[in-house]
Amino acid sequence: MNKYGAIVIGVSAGGLDILIDIFKNLKEDFPMPIMIVQHLHSSSKSELAEIIGRNTGMKVQEVNENTALESGKIYTAPPDYHIIAERDRTISIYYDEKVNYSRPSIDVLFESAAYVWGQELIGIILSGSNNDGSKGIEIIKKYGGLTIAENPKTSEYSLMPKFAIETGYIDKILTKEEIKEFLDNLSTK
């Protein structure tokens, strides 16, 4: 039986292609929900859920207020809103100050999810060009979760994974292919 209950993923510059690639083989019976924060410009129309949905067997939904989480489903943050995990294991949006110059912020999702899932949480940092997510990685690790960073040597934009690794709280440094394999293995357990 799988010991994990949820996955949170943070990504910024260079993120769309890797998200499509790592999700393309995942199916609707994936054993947990996956929540994604990708940095988006506040005025952009988000098509992230639709684009990922065309490239995976999982259902994909943009988060709205009090969204119930389901296994086998991917949840994306809307532009210009933070998403936060609630104690009842739902996820909500809220408009607050930017964190690390970002709204949505990876740290906001990661920290709130760490408090909810603790050691049942997997946090993954992918391509990006700032340090958003580093504090969240630290909180996930302190609550006993598993932390993963994309290998900066193979990442399209290496700064975000590099900053996460420099915290000293990353358990695994994986290439895109290794992240895909890791997720595939979760779906077979």
Side-chain angles (χ1 to χ4, degrees), residues 2 4-118 120-128 130 132-133 135-137 139-140 143 145 148 160 183 186-187:
N2 199 321
Y4 298 108
I7 297 174
V8 290
I9 296 176
V11 62
S12 188
L16 183 58
D17 289 341
I18 188 171
L19 289 173
I20 289 170
D21 200 30
I22 64 175
F23 292 141
K24 70 180 174 190
N25 293 322
L26 297 183
K27 304 292 182 235
E28 198 172 323
D29 63 351
F30 193 77
M32 66 199 79
I34 300 173
M35 296 158 273
I36 302 170
V37 165
Q38 178 167 20
H39 292 157
L40 302 164
H41 190 274
S42 61
S43 64
S44 61
K45 178 180 181 278
S46 177
E47 297 176 351
L48 183 62
E50 182 183 325
I51 293 167
I52 293 173
R54 288 194 305 257
N55 292 282
T56 184
M58 295 177 72
K59 293 179 181 169
V60 185
Q61 173 185 339
E62 188 173 273
V63 174
N64 52 45
E65 194 57 41
N66 297 323
T67 301
L69 297 174
E70 301 172 33
S71 293
K73 203 164 182 180
I74 298 169
Y75 299 88
T76 64
D80 211 27
Y81 284 90
H82 295 298
I83 58 174
I84 186 168
E86 306 284 359
R87 294 204 181 278
D88 63 359
R89 296 192 174 195
T90 61
I91 193 164
S92 297
I93 60 171
Y94 74 102
Y95 188 87
D96 203 353
E97 295 299 314
K98 291 183 177 185
V99 176
N100 294 316
Y101 309 101
S102 302
R103 187 177 45 235
S105 166
I106 297 164
D107 278 335
V108 169
L109 172 61
F110 279 25
E111 289 176 38
S112 64
Y115 302 139
V116 174
W117 280 276
E120 297 176 2
L121 185 65
I122 299 170
I124 303 174
I125 291 285
L126 301 174
S127 176
N130 70 12
D132 193 19
K135 184 176 180 201
I137 282 291
I139 301 296
I140 290 171
Y143 277 77
I148 298 170
M160 207 154 74
L183 293 174
L186 287 176
S187 65

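Please read these numbers as outputs of a predicted model, since none were measured by experiment.
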I would like to know whether Leu121 and Tyr143 meet side chain to side chain contact (heavy atoms under 4.5 Å, CB included); could you show each step before the answer? CA-CA 9 Å; Leu121 185 65; Tyr143 277 77; over 6 Å; no
Less than 4.5 Å apart, side chain to side chain, heavy atoms only: is that true for Phe110 and Ile139? no
Side chains of Ile83 and Pro78: does their closest heavy-atom pair fall under 4.5 Å? yes
Can you tell if the side chain of Ile124 reaches within under 4.5 Å of the side chain of Ile22, non-hydrogen atoms only? no
Validation row: Ile7, Met32 side chains within 4.5 angstrom (heavy atoms): yes
Give me the atom names and distance for the closest heavy-atom approach of Ala113 to Val8. CB-CG1, 3.8 Å
Roughly how far, to the nearest 0.5 Å, is CD1 of Ile140 from CD1 of Ile137? 5.0 Å
With a 4.5 Å heavy-atom cut-off, do Glu62 and Thr67 have their side chains touching? no
Hey, does Ile74 have a side-chain heavy atom less than 4.5 Å from the side chain of Phe30? no
Inter-residue atom distance Met58.CE - Ile52.CD1, 0.5 Å rounding: 10.0 Å
For residues Pro104 and Ser102, report the shortest heavy-atom separation together with the two atoms involved. O-CB, 3.4 Å
Which value, rounded to the nearest 0.5 Å, describes the distance between Asn55 atom CG and Leu19 atom CG? 10.5 Å
Side chains of Phe23 and Val60 in contact at under 4.5 Å (non-hydrogen atoms): no
Non-hydrogen side-chain atoms of Val37 and Met35 separated by less than 4.5 Å: no
Any donor-acceptor pair under 3.5 Å linking the side-chain atoms of Tyr95 with those of Arg103? yes
Closest heavy-atom pair, Pro33 versus Gly5, reported as atoms and distance to 0.1 Å, is CD-O, 3.3 Å
Give every residue pair that meets the side-chain hydrogen bond (donor to acceptor under 3.5 Å, both in side chains) criterion with at least one member in residues 24-37, sequence neighbours excluded. Asp21-Lys24
To the nearest 0.5 Å, what is the distance between CD1 on Ile36 and CG on Leu48? 6.0 Å
Answer yes or no: is there a donor N or O on one side and an acceptor on the other, between the side chain of Ser127 and the main chain of Ala13, under 3.5 Å? yes
Spacing of NZ belonging to Lys135 relative to CG belonging to Asp107, to within rounding of 0.5 Å: 7.0 Å
For a side chain to side chain contact (heavy atoms under 4.5 Å, CB included) check, start with the C-alpha distance between Ser12 and Asp132, then their side-chain angles and the critical distance, and finish with the verdict. CA-CA 9 Å; Ser12 188; Asp132 193 19; over 6 Å; no
Please step through side chain to side chain contact (heavy atoms under 4.5 Å, CB included) for the pair Leu109 and Tyr75, ending with a clear verdict. CA-CA 12 Å; Leu109 172 61; Tyr75 299 88; over 6 Å; no
Indicate yes or no for a side-chain donor-acceptor contact from His82 to the backbone of Glu97 under 3.5 Å, with no hydrogens or angles considered. yes
For Ile34 and Leu26, what are the C-alpha separation, side-chain angles and deciding distance, and is it a side chain to side chain contact (heavy atoms under 4.5 Å, CB included)? CA-CA 11 Å; Ile34 300 173; Leu26 297 183; 4.3 Å; yes
Does a donor on one side chain sit under 3.5 Å from an acceptor on the other, for Asp88 and Thr90? yes
For residues 70-79, pull every pair meeting salt bridge (Lys or Arg N to Asp or Glu O under 4.0 Å), keeping only residues two or more places apart or in separate chains. Glu70-Lys73
Atom pair NE2 (His39) and NZ (Lys98), whose distance is rounded to the nearest 0.5 Å: 10.5 Å
Without swapping roles, check the side chain of Thr56 against the backbone of Gly53 for a donor-acceptor pair under 3.5 Å. no
Contact summary for Glu111 and Gly136, nearest pair of heavy atoms: CG-CA, 4.0 Å
